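Everything below concerns the one structure shown next.
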Protein chains: 2
Amino acid sequence: MSGFGPGGPFLADCPARLTVELLADKWTAVVLYGLSRGPVRHGELIELIGGISRKMLTQTLRRLEAHGLVSRHAYAEVPPRVEYELTPLGASLIDPIHTLTEWARENADAVLDALDTTPEPNGHGD
Amino acid sequence: MSGFGPGGPFLADCPARLTVELLADKWTAVVLYGLSRGPVRHGELIELIGGISRKMLTQTLRRLEAHGLVSRHAYAEVPPRVEYELTPLGASLIDPIHTLTEWARENADAVLDALDTTPEPNGHGD
DNA sequence: CTGAATCCACGACGATACTG
DNA sequence: CAGTATCGTCGTGGATTCAG
């Protein structure tokens, strides 16, 4: 790793950029993680995640669906039932995300501590 | 792992949320990755990353510094020289991020393909 | 239950110009 | 070279309301 040459390592067409930008919002990673246990209903995700609005959940799921990470299954029942499920591609993203959450569990304390010991929103040009 | 119980798995105080939101912007992960080779100067990062503005770079570095992931070293020289470096805490985040970029390199093709086969911004209420 | 549509606030982001 | 300030734009995200 760490083997990008000098001159143009992070070009816009770098595949890493796509993934980073795919997760670069408040809910995408959380929603993916919420789907990691199997098919889940819309309402279930709302409860499961906690704090997300229906609008953002739907919007996030739509994007993930467009990216081929999530599949949607609507059942013509009464009341309506819609289930979301990770595609194999989406499921393969769970592992990287999980690596991230594991880091979080081990280092959240240190990060919070650093935030606490840096209470000065003061610039360096002080 | 993957064993969050039903009822409240993703509470706001979950450490994973902090990390996800820390990376939930366009540049944080990229900047961290750009620092993974060792101390780098401001201007070098601009060239290295490509596409980021000085403002966003400084802003991102400031936040990472506040979170204890990056350290800043200013040298009183002429012309001024400022180097940024990952702290041990920050360095420990490179691995999870690298896992993500590896996934990207292997699956970016599939994602782009899915995006291509989903040209319909049409709702499901079709 | 699901989700679309609207209104609105806020912050991210970029471009530029200016300071040290 | 490094960084700030300002401005304008646009997307994100929340609350609410309407529809199937």
Side-chain angles (χ1 to χ4, degrees), chain A residues 10 12 17 20-32 34-35 39-67 70-85 120-126, chain B residues 10 12 17 20-32 34-35 39-67 70-85 120-126:
Chain A
F10 286 134
R17 289 282 185 96
V20 166
E21 298 203 8
L22 176 62
L23 301 178
D25 58 64
K26 192 174 181 179
W27 296 115
T28 299
V30 184
V31 168
L32 279 173
L35 290 167
V40 191
R41 299 178 57 174
H42 181 98
E44 279 182 293
L45 278 172
I46 294 286
E47 301 283 324
L48 194 66
I49 293 175
I52 193 174
S53 62
R54 283 200 298 273
K55 173 189 162 184
M56 290 315 299
L57 177 57
T58 299
Q59 181 175 311
T60 303
L61 287 169
R62 282 281 190 278
R63 189 193 312 184
L64 292 174
E65 192 184 3
H67 283 74
V70 167
S71 60
R72 197 186 102 118
H73 309 283
Y75 301 90
E77 303 176 354
V78 174
R81 185 168 105 253
V82 179
E83 286 187 343
Y84 294 92
E85 187 179 11
E120 323 152 52
N122 198 356
H124 293 279
D126 184 7
Chain B
F10 285 135
R17 289 282 185 97
V20 166
E21 297 202 9
L22 176 63
L23 302 177
D25 58 65
K26 191 175 182 179
W27 296 114
T28 298
V30 185
V31 168
L32 279 174
L35 291 167
V40 191
R41 299 176 57 172
H42 182 97
E44 280 182 293
L45 278 172
I46 295 286
E47 301 284 324
L48 195 66
I49 294 174
I52 193 173
S53 63
R54 283 201 296 273
K55 174 189 161 184
M56 288 315 298
L57 177 57
T58 300
Q59 181 175 311
T60 303
L61 287 168
R62 284 277 192 279
R63 190 193 311 184
L64 292 174
E65 193 184 3
H67 283 73
V70 167
S71 59
R72 196 187 103 117
H73 310 283
Y75 301 90
E77 302 176 356
V78 174
R81 187 169 103 254
V82 179
E83 287 188 342
Y84 294 91
E85 187 180 10
E120 326 154 47
N122 197 357
H124 293 278
D126 179 10

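All figures in this text were calculated on a predicted structure; none of them were measured in a lab. Within every chain, numbering begins at 1; the chains are lettered A, B, ... in the order of the sequence lines, protein sequences first and strands thereafter.
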Its contact letters, B for base, S for sugar-phosphate only and - for none at protein heavy atoms under 4.0 Å, make nucleotides 11-20 of chain C read -SBBB-B--B
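- For the atom pair B/T60 OG1 and B/K26 NZ, the distance stands at 11.0 Å (nearest 0.5 Å).
- A distance of 5.0 Å separates OH of A/Y84 from CZ of A/R62, quoted to the nearest 0.5 Å.
- Between the OG1 atom of A/T58 and the CE atom of A/M56 there is a distance of 10.0 Å, given to the nearest 0.5 Å.
- Not one side-chain nitrogen or oxygen of B/Y84 sits closer than 4.0 Å to the OP1 or OP2 atom of D/dC1.
- Atom CZ of A/R81 is separated from atom C1' of D/dG20 by 17 Å (rounded to the nearest Å).
- Within the structure, a side-chain polar atom (N or O) of B/R41 is placed less than 4.0 Å from OP1 or OP2 of D/dA2.
- Shown here are the salt bridge (Lys or Arg N to Asp or Glu O under 4.0 Å) partners of A/R54, two or more places apart in sequence or in another chain: there are none.
- Per the geometry, CD belonging to A/E44 stands 13 Å off P belonging to C/dG3, to the nearest Å.
- Distance OH/B/Y75 to CD/B/E83: 4.5 Å, rounded to 0.5 Å.
- Atom P of nucleotide D/dA2 and atom CD of B/E77 are separated by 11 Å, given to the nearest angstrom.
- When the P atom of D/dG14 is taken as reference, atom CD1 of A/I46 falls 10 Å away, rounded to whole Å.
- The interatomic distance linking A/L57 (CG) with C/dA5 (P) rounds to 16 Å, in whole Å.
- We find that CZ of B/R72 is positioned 16 Å from P of D/dC1, with the value rounded to whole Å.
- Between A/P79 and A/T58, the residue anchored nearer the 5' end of DNA chain C, judged by the nucleotide with its closest heavy atom, is A/P79.
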Evaluation steps, side-chain contact (heavy atoms from CB on, under 4.5 Å), between A/V30 and B/E21 | CA-CA 10 Å; A/V30 184; B/E21 297 202 9; over 6 Å; no
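- Distance, B/H42 NE2 to D/dA2 P: 6 Å, rounded to whole Å.
- The interatomic distance linking A/E65 (CD) with C/dT2 (C1') rounds to 14 Å, in whole Å.
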Derivation and outcome, side-chain contact (heavy atoms from CB on, under 4.5 Å), residues B/L61 and B/R72 | CA-CA 9 Å; B/L61 287 168; B/R72 196 187 103 117; over 6 Å; no
